[in-house]
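Please read the structure below before turning to the comments.
Within every chain, numbering begins at 1; the chains are lettered A, B, ... in the order of the sequence lines, protein sequences first and strands thereafter.
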Amino acid sequence: MTNQAGTYIEQLKDNVGKQVKLAGWLYNSRSSGKVQFLIIRDGTGLCQCVVEKGKVPDDVFEQLRHLGQESSLAVTGLVRADERSVGGYELAVTAAEVIGRTEGYPITPKSHGVDFLMRHRHLHFRSQRQWCIGRVRHTVIDAIRRFFNDNGYVLIDTPIFTTIVGEDQTSLFEVDYFGEPLHLTQTGQLYLESAAMSFGRVYCFGPTFRAEKSKTRRHLTEFWMVEPEVAFIDLDGLLELAENFVSYIVARVLADNRSELETLGSDIESLEKMTPPFYRLTYTEAVEILTGQRTVDFMAEQLRQLRDQRQRAKGGIAELEQQLTGSLKQWKRDKIAAELIELRADLAETNTKIENNPKHAELAAGFRWGKDLGGSDETIISQMHDKPVFVTHYPKDAKAFYMKTDRADEKVALNFDLLAPAGFGEIIGGSVREDDHDRLLARIKQEGLNPETYAWYLDLRKYGSVPHGGFGLGVERTVAWITAEKHIRQCIPFPRMMDKVYI
RNA sequence: UCCCCGAUAGCUCAACCGGUAGAGCGAGCGGCUGUUAACCGCUAGGUUGUAGGUUCGAGCCCUACUCGGGGAGCCA
């Protein structure tokens with residue numbers, strides 16, 4: 001079967017003045033009696049198709065007038081540039097053919113709740129926002145592969161069924177593997193280390209599974225992670241690699257998906273500043289900031305701004321309510337009622353932030369050296385910076401057994417997290433790996449892990465051990481940060497969350 | 001596992017002190033030759049999450065449960 005469309009919407013700019021045929025779905029339509037405006041999407045973009053009475057057969061005009069949202073159709077017409085149209089081009093329709101009629105499409109052009117949209121995920125894809133995010137995700141993944149492929153890295157596919165524990169036993173999904181318990185991978189890193197001793201620079205890229213009982217906007221039980229691993233590298237080398245890598249991804253999205261970012265409301269100006277070097281803080285410095293006056297002031301200022309915001313919202317609501325008590329035309333009342341709903345939703349969100357602010361301030365102030373940084377602590381640090389922040393040298397006891405101890409300060413590990421700016425939080429975690437056989441063995445025992453299971457991993461330290469390290473970047477968190485999407489469940493096609501799989 | 005919030009029309013939300021449940025969008029019909037989540041008129045659409053309780057009377061108060069949202073811990 002040949003493509004029924006002669007032309008895709010993204011090609012319209014090269015076809016001005018020509019007659020073309022488009023095939024797509026009816027995204028929205030407006031009618032003005034003798035002229036109709038059909039917004040059609042075809043996967044490559046949106047196009048306004050203008051249907052004038054008399055320019056098409058009367059029965060076709062009538063059929064289009066009653067066509068439901070998301071009906072599929074093919075339209076033929078003349079391409080012309082018009083500032084008033086989405087995308088700047090429109091089609092003056094001369095012929096149209098309905099392919100699949102639709103009645104009662106559930107997702108309307110008005111707002112919907114998260115749960116409703118998730119239950120209609122298979123249809124939600126068609127919405128503008130999801131379409132934009134999907135295209136950004138595509139670019140992010142392509143940029144990830146290109147960066148490593150162009151810089152001498154070899155792709156290694158690490159297993160999804162694993163016999164080893166990377167992070168924490170409790171966060172693993174167990175599967176019955178012909179009667180034997182195995183686990184779904186939570187990192188490819190350990191396997192990757194063995195590959196790094198062969199190829200030097202390697203990376204793995206695939207789905208990762210974590211059974212953490214986390215119900216937050218930055219958690220999924222199944223997510224995609226890319227992990228490079230490099231032989232003969234130190235912590236500074238890793239930080240440099242990570243900042244070049246992240247900067248490259250952002251630059252690619254800015255180059256390939258600018259209009260999507262605009263539609264999504266991303267902060268393009270701020271993304272353009274994402275160039276090396278990023279900020280560097282040690283964990284100890286981060287703790288000093290969190291427990292110091294700077295954070296007290298910062299949180300107080302934030303609270304003040306939130307309260308202002310709340311006051312403004314309340315004032316707006318009161319004013320609108322006052323207006324409603326007067327005598328008004330019905331349409332005016334309705335309009336005010338709609339505005340009230342929006343203001344109340346904003347107010348509720350602001351109230352939640354106000355409620356959380358003191359809790360987070362308290363958590364930060366009460367932070368003691370030795371704990372891992374909490375989500376809210378990361379948020380505070382990242383909110384204080386306009387570029388990503390590396391936090392390095394965490395207490396080794398709070399970190400995984402494979403991380404190398406800093407020989408200059410045995411209390412800390414040679415590791416780092418990368419926090420995306422403006423409150424997005426952690427998108428990368430990485431470290432230099434412990435390359436001393438006896439130290440690693442001791443840590444494995446200390447964690448209560450079985451050294452026999454890790455015999456092969458210990459072998460890597462017996463035969464030509466070298467300093468090496470790597471990191472993992474979460475794809476969905478990166479996409480969420482770049483697209484300014486609040487929840488990472490919107491950044492993966494079919495999200496799997498704690499206790500919740502929709503379709 | 002813990003803390004906070006919520007559940008009312010297909011969807012998003014109103015309903016003052018407890019007194020017969022209302023809008024917008026969507027659907028259907030009609031009007032309008034440049035609309036931008038178009039607009040205007042009409043029509044249809046409800047066992048207020050479930051089970052109890054208090055009351056002359058419960059969407060509203062009380063108890064339990066179910067489901068959903070946000071956050072903590074943990075993490076990419």
| After noting the C-alpha distance and the side-chain angles of A:Arg443 and A:Glu434, does the key distance pass the salt bridge (charged side-chain N to carboxylate O under 4.0 Å, His left out) rule? | CA-CA 10 Å; A:Arg443 280 288 277 152; A:Glu434 183 53 72; over 6 Å; no

For nucleotides 27-31 of chain B, which of its nitrogen or oxygen atoms have a protein nitrogen or oxygen under 3.5 Å away, and what is each distance?
residue	atom	partner	partner atom	Å
B:C29	OP2	A:His66	ND1	3.4

Just by distance, no angles: are the side chains of [X] and [Y] close enough, under 3.5 Å, to form a donor-acceptor pair?
X        : Y        : result
A:Tyr283 : A:Asn415 : no
A:Thr108 : A:Gln69  : no
A:Gln189 : A:Glu193 : yes

Give none if [N] has no partner; otherwise give the nucleotide forming a Watson-Crick or G-U wobble pair with it, both distances under 3.5 Å.
N     : value
B:A51 : B:U63
B:A21 : none
B:G68 : B:C5
B:C39 : B:G31

| said: Regarding B:C75, can its base be found pairing with the side chain of A:Arg477 as donor and acceptor, where the two atoms are less than 3.5 Å apart? | reply: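 Yes, the side chain and the base share a sub-3.5 Å donor-acceptor pair.
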
| message | Can you say whether a donor on the side chain of A:Gln48 sits under 3.5 Å from an acceptor on the base of B:U35, or the other way round? | response |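 Indeed, a donor on one side and an acceptor on the other fall under 3.5 Å apart.
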
| task | Could you say whether the aromatic ring of A:Phe223 and the base of B:A76 stack, counting only centre distances under 5.5 Å and plane angles under 30°? | result |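 Stacking is present between B:A76 and A:Phe223, given that their ring centres fall under 5.5 Å apart and the planes under 30°.
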
| If every non-hydrogen atom of A:Thr392 is compared with every non-hydrogen atom of A:Leu235, which pair is closest and at what distance? |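 Heavy atoms of A:Thr392 and A:Leu235 come nearest at CB-CD2, 4.3 Å.
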
| Which pair of non-hydrogen atoms, one from A:Ser31 and one from A:Arg65, has the smallest distance, and what is that distance? |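 So the two residues come closest at OG-CG, 4.3 Å.
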
Test item: [X] and [Y] side chains (from C-beta on) under 4.5 Å apart, heavy atoms:
X        : Y        : value
A:Arg477 : A:Phe223 : no
A:Thr284 : A:His393 : no
A:Thr263 : A:Trp131 : no

When you measure from the side chain of [X], which nucleotide among [options] comes out closest?
X        : options             : value
A:Arg30  : B:A76, B:U35, B:U33 : B:U35
A:Glu212 : B:C74, B:U35, B:G71 : B:C74
A:Val35  : B:U33, B:A76, B:U12 : B:U33
A:Phe116 : B:U33, B:C75, B:U12 : B:U12

Whole angstroms only, please: what is the [atom1]-[atom2] distance between [X] and [N]?
X        : N     : atom1 : atom2 : answer
A:His219 : B:A76 : NE2   : P     : 9 Å
A:Arg217 : B:A72 : CZ    : C1'   : 14 Å
A:Tyr27  : B:A38 : OH    : P     : 10 Å
A:Ile488 : B:G69 : CD1   : P     : 14 Å
A:Asp115 : B:G70 : CG    : P     : 10 Å
A:His120 : B:G26 : NE2   : P     : 17 Å
A:Lys34  : B:U35 : NZ    : C1'   : 16 Å
A:His360 : B:A72 : NE2   : P     : 5 Å

| Syn/anti state for B:C17 [syn: chi within 90° of 0] |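 Syn for B:C17; the angle stays within 90° of 0.
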
| Candidate pair A:Glu476 and A:Arg137, rule salt bridge (charged side-chain N to carboxylate O under 4.0 Å, His left out), full reasoning | CA-CA 8 Å; A:Glu476 291 76 18; A:Arg137 181 183 166 105; 2.9 Å; yes

| message | Under 4.0 Å, heavy atoms only, any strand: does A:Ile107 hit a base, just the sugar-phosphate, or nothing? | response |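 Counting heavy atoms under 4.0 Å across all strands, no contact is made by A:Ile107.
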
| query | Counting any heavy atom closer than 4.0 Å, what does A:Asp82 reach on the DNA or RNA strands: base, sugar-phosphate only, or nothing? | reply |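 Contact class for A:Asp82: base.
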
With [atom1] as the reference atom in both, quote the distance from [N] to [M] in angstrom, rounded to an integer.
N     : M     : atom1 : answer
B:C29 : B:G70 : P     : 39 Å
B:G41 : B:U54 : P     : 47 Å
B:G53 : B:C13 : P     : 32 Å
B:G52 : B:U66 : C1'   : 15 Å
B:G49 : B:C39 : P     : 30 Å
B:C4  : B:A44 : P     : 45 Å
B:U8  : B:A15 : P     : 14 Å
B:C75 : B:U12 : C1'   : 34 Å

Can you find a side chain N or O atom of [X] that sits less than 4.0 Å from OP1 or OP2 on [N]?
X        : N     : value
A:Asn28  : B:U35 : no
A:Arg489 : B:G69 : yes
A:His487 : B:G70 : yes

| If each of A:Ser376 and A:Val50 is mapped to the nucleotide of RNA chain B with the nearest heavy atom, which maps nearer the 5' terminus, i.e. the 5' end? |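 First, find each residue's nearest nucleotide; the 5'-ward one identifies A:Val50.
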
| said: Show, in sequence, the C-alpha distance, side-chain angles and deciding distance for A:Glu362 and A:Lys359, and conclude whether the salt bridge (charged side-chain N to carboxylate O under 4.0 Å, His left out) test is met. | reply: CA-CA 5 Å; A:Glu362 201 184 318; A:Lys359 290 184 201 163; over 6 Å; no

| request: Tell me, please, which residues at least two apart from A:Arg84 pass salt bridge (charged side-chain N to carboxylate O under 4.0 Å, His left out). | output: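 Here the qualifying residues are A:Asp82.
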
Pick out the pairs of N or O atoms, protein on one side and nucleotides 4-9 of chain B on the other, that lie under 3.5 Å.
residue	atom	partner	partner atom	Å
B:C4	O2'	A:Glu355	OE2	3.2

